[in-house]
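All remarks here apply to the structure that follows.
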Amino acid sequence: MITSIKTESHIEGVHRSGRWLALSVLVLAVLLVAVDATVLGLATPFLSEDLQPTGNQLLWIGDVYSFVIAGLLVSMGSLGDRIGRKKLLLIGATAFGAVSVLNAYATSPEMMIVARALLGVAGATLMPSTLALIRNLFHDPRERSLAIGIWGAMASAGAAVGPIVGGFLLEHFWWGSVFLINLPVMAVLVLVGAKLIPESKNPNPGPWDLPSVALSLVGVIGVVYAVKELASHGLSGDAGLAALIGAGALTWFVRRQLTLPTPLLDMRLFRHRGFSGAVLADLLTILGLSGLVFFLSQFFQLVQGRQPLEAGLAELPAAIGAVTAGLVAGVVARRFSVRSVVAGGLAAVGLSLAVLTTLDQYTGYPLLGASLLVVGVGAGFSFTVTADVILSSVPKEQAGSASAVSETAYELGAALGIAILGSIVTGIYRGFATPAGVPSDIASAAHESLGGAVDVSGGLAPETATALVSSAQEAFVDGLRIAAGVGAAVLLATAVAAWFLLRGQKLEEGVEH
């Protein structure tokens with residue numbers, strides 16, 4: 001008890017003197033994890049040429065990172081509550097830097113998939129730790145809303161900044177450099193964070209339940225894999241089996257949490273309409289943002305012929321919108337209402353996706369840039385306010401678990417955005433007609449991905465190569481239009497649901513005691 005009182009006193013001291021400096025270190029981790037979720041978008045053509053993955057391997061390289069993070073976040077958030085959030089953050093940051101080297105020097109698609117999965121394990125330790133530490137650093141709800149706004153702006157903008165960082169590096173270095181950029185940032189985080197960030201944890205955490213850890217991991221990955229397979233190939237035995245295993249594991253996980261005296265995740269939180277509505281809005285906001293950014297990266301390069309850095313800069317409006325909206329989201333939500341800000345943000349993302357159903361190869365940048373800006377603003381408002389609602393719904397002792405719920409929604413949204421929308425694009429793309437005169441082996445490689453089609457066309461006669469690439473580009477754009485339409489329908493429906501689920505929900509006022 002004496003130790004606990006001393007710890008709380010020490011944290012209060014940090015609150016008064018250096019909490020904003022500590023926040024600046026925490027958002028480094030958030031920015032980097034978010035950037036890593038989308039930085040591969042621009043590197044995909046280069047990676048395809050070097051490692052020659054199949055279409056399915058390419059999708060796994062793109063989304064296994066987010067799948068693993070999503071599967072482990074609840075477990076890692078709960079672990080941070082138990083062993084200390086600062087300790088877990090520093091361990092995770094060190095591992096993240098080390099595994100980034102393995103990603104940079106991967107020599108095969110299989111090695112790349114494993115390396116991305118390991119990076120996801122490390123990333124899962126970072127995100128819930130940062131948000132939970134904010135919950136314990138900032139006791140004034142208005143200050144905390146601003147801190148979460150900065151955190152949310154970095155998380156939302158990171159997804160949009162990824163292509164810009166990737167574009168700059170790809171203009172000057174090989175594709176592995178998009179991972180090596182992690183090393184200096186993580187070194188700063190560990191060295192400075194060790195001094196500035198206070199330790200915090202649940203004083204009575206109970207044991208860390210390993211069966212629950214396994215069930216959450218198997219459940220999330222099983223369900224997401226099933227969705228991905230279903231969208232790519234329709235009903236199949238593999239998709240059905242994965243869905244059955246995933247749903248069974250998640251059901252078992254929920255039942256187990258309800259019987260444990262100290263569960264990994266308190267499932268009773270979801271009985272609160274506002275909490276559940278915030279989690280749903282959180283997930284689908286990021287689904288729209290990440291899916292759009294991932295595929296527009298390829299559209300700008302492989303369809304409109306932009307260089308990597310130019311393509312990355314073309315997506316800058318999404319980052320600007322997300323940062324701006326995130327910083328003022330708390331003020332706007334208090335001025336109007338939580339439900340109007342969240343529902344409005346979701347609707348903005350949905351309407352922007354709807355505009356992209358008019359896309360063609362020659363669509364001008366003003367329309368694309370305006371759509372990206374509106375997506376960024378909508379995501380910044382919705383994601384930041386929902387994170388605040390989720391985090392303020394629980395006692396400080398459960399901050400890690402609540403943070404993990406918010407982050408699971410974020411990462412699951414990122415994974416599903418790439419998996420579902422990507423599978424629609426891929427499924428439609430593979431049906432394009434091969435021009436006459438293209439050998440079967442080249443045609444097969446071209447049907448795997450648009451990057452593959454551009455690559456193999458170099459070995460054909462000029463007229464045949466032009467016809468092949470043109471046909472492939474047209475199919476890719478067709479798929480992108482349909483995926484945008486599906487995304488728009490989902491986001492607009494969620495905006496309506498959020499309006500009702502978040503009725504009466506307010507952000508906290510006054511200082512906690």
Side-chain angles (χ1 to χ4, degrees), residues 24-44 46-47 50-51 61-70 72-73 76 86 88-107 111-131 133 151 153-194 196-197 290 293-294 297 308-309 312 319 407 410-411 414-415 418:
S24 67
V25 176
L26 293 177
V27 298
L28 274 178
V30 175
L31 182 64
L32 209 55
V33 173
V35 163
D36 264 62
T38 58
V39 73
L40 271 188
L42 286 177
T44 296
F46 301 90
L47 188 149
D50 194 7
L51 302 184
I61 290 170
D63 59 30
V64 71
Y65 170 77
S66 294
F67 285 0
V68 172
I69 286 185
L72 285 175
L73 276 168
M76 292 303 181
K86 174 183 175 178
L88 185 65
L89 179 71
L90 297 181
I91 291 171
T94 303
F96 199 89
V99 178
S100 293
V101 178
L102 183 62
N103 278 262
Y105 292 101
T107 55
M111 182 178 175
M112 188 69 192
I113 291 169
V114 171
R116 289 285 284 169
L118 291 174
L119 198 66
V121 175
T125 67
L126 300 177
M127 297 293 267
S129 297
T130 58
L131 194 52
L133 285 163
W151 178 91
M154 292 302 102
S156 298
V161 168
I164 299 169
V165 174
F168 175 80
L169 292 172
L170 292 167
E171 290 274 323
H172 299 89
F173 308 101
W174 99 114
W175 61 262
S177 62
V178 301
F179 295 106
L180 295 183
I181 193 67
N182 296 340
L183 297 180
V185 179
M186 285 302 172
V188 170
L189 193 155
V190 171
L191 294 173
V192 179
L196 282 181
I197 300 172
S290 65
V293 167
F294 184 79
S297 294
L309 180 57
E407 286 312 304
Y410 179 97
E411 292 300 336
I418 294 173

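Because only heavy atoms are used, hydrogens play no part in the values below, and waters and symmetry mates are left out as well, while side chains stay in. Quantities reported herein were computed from a predicted structural model and do not represent experimental measurements.
- Separation of atoms CG (L89) and OG1 (T94) is listed at 9.0 Å; rounding is to 0.5 Å.
- Rounding to the nearest 0.5 angstrom, the gap separating the CG atom in L26 from the NZ atom in K86 is 11.0 Å.
- A distance of 7.0 Å separates CZ in F179 from CG in L119, rounded to the nearest 0.5 Å.
- Nearest heavy-atom pair across A122 and G92 is CB-O, 4.0 Å.
- In this structure, CG on L118 lies 6.5 Å from CG on L102, to the nearest 0.5 angstrom.
- Closest heavy-atom contact between V64 and A117: CG1-N, 3.9 Å.
- Side chain of R116 to backbone of Y65: no donor-acceptor contact under 3.5 angstrom is found.
- The two residues A124 and L72 have their closest heavy-atom pair at CB-CB, 3.8 Å.
- Here N103 contributes atom CG and L180 contributes atom CG; the two are 9.5 Å apart, rounded to the nearest 0.5 Å.
- Closest approach of V99 to A115, counting heavy atoms only: CG1-O, 3.6 Å.
- Between V68 and G120, the closest heavy-atom pair is CG1-C, 3.9 Å.
- What you find for A93 and V190 is that their closest heavy atoms are CB-CG2, 3.7 Å.
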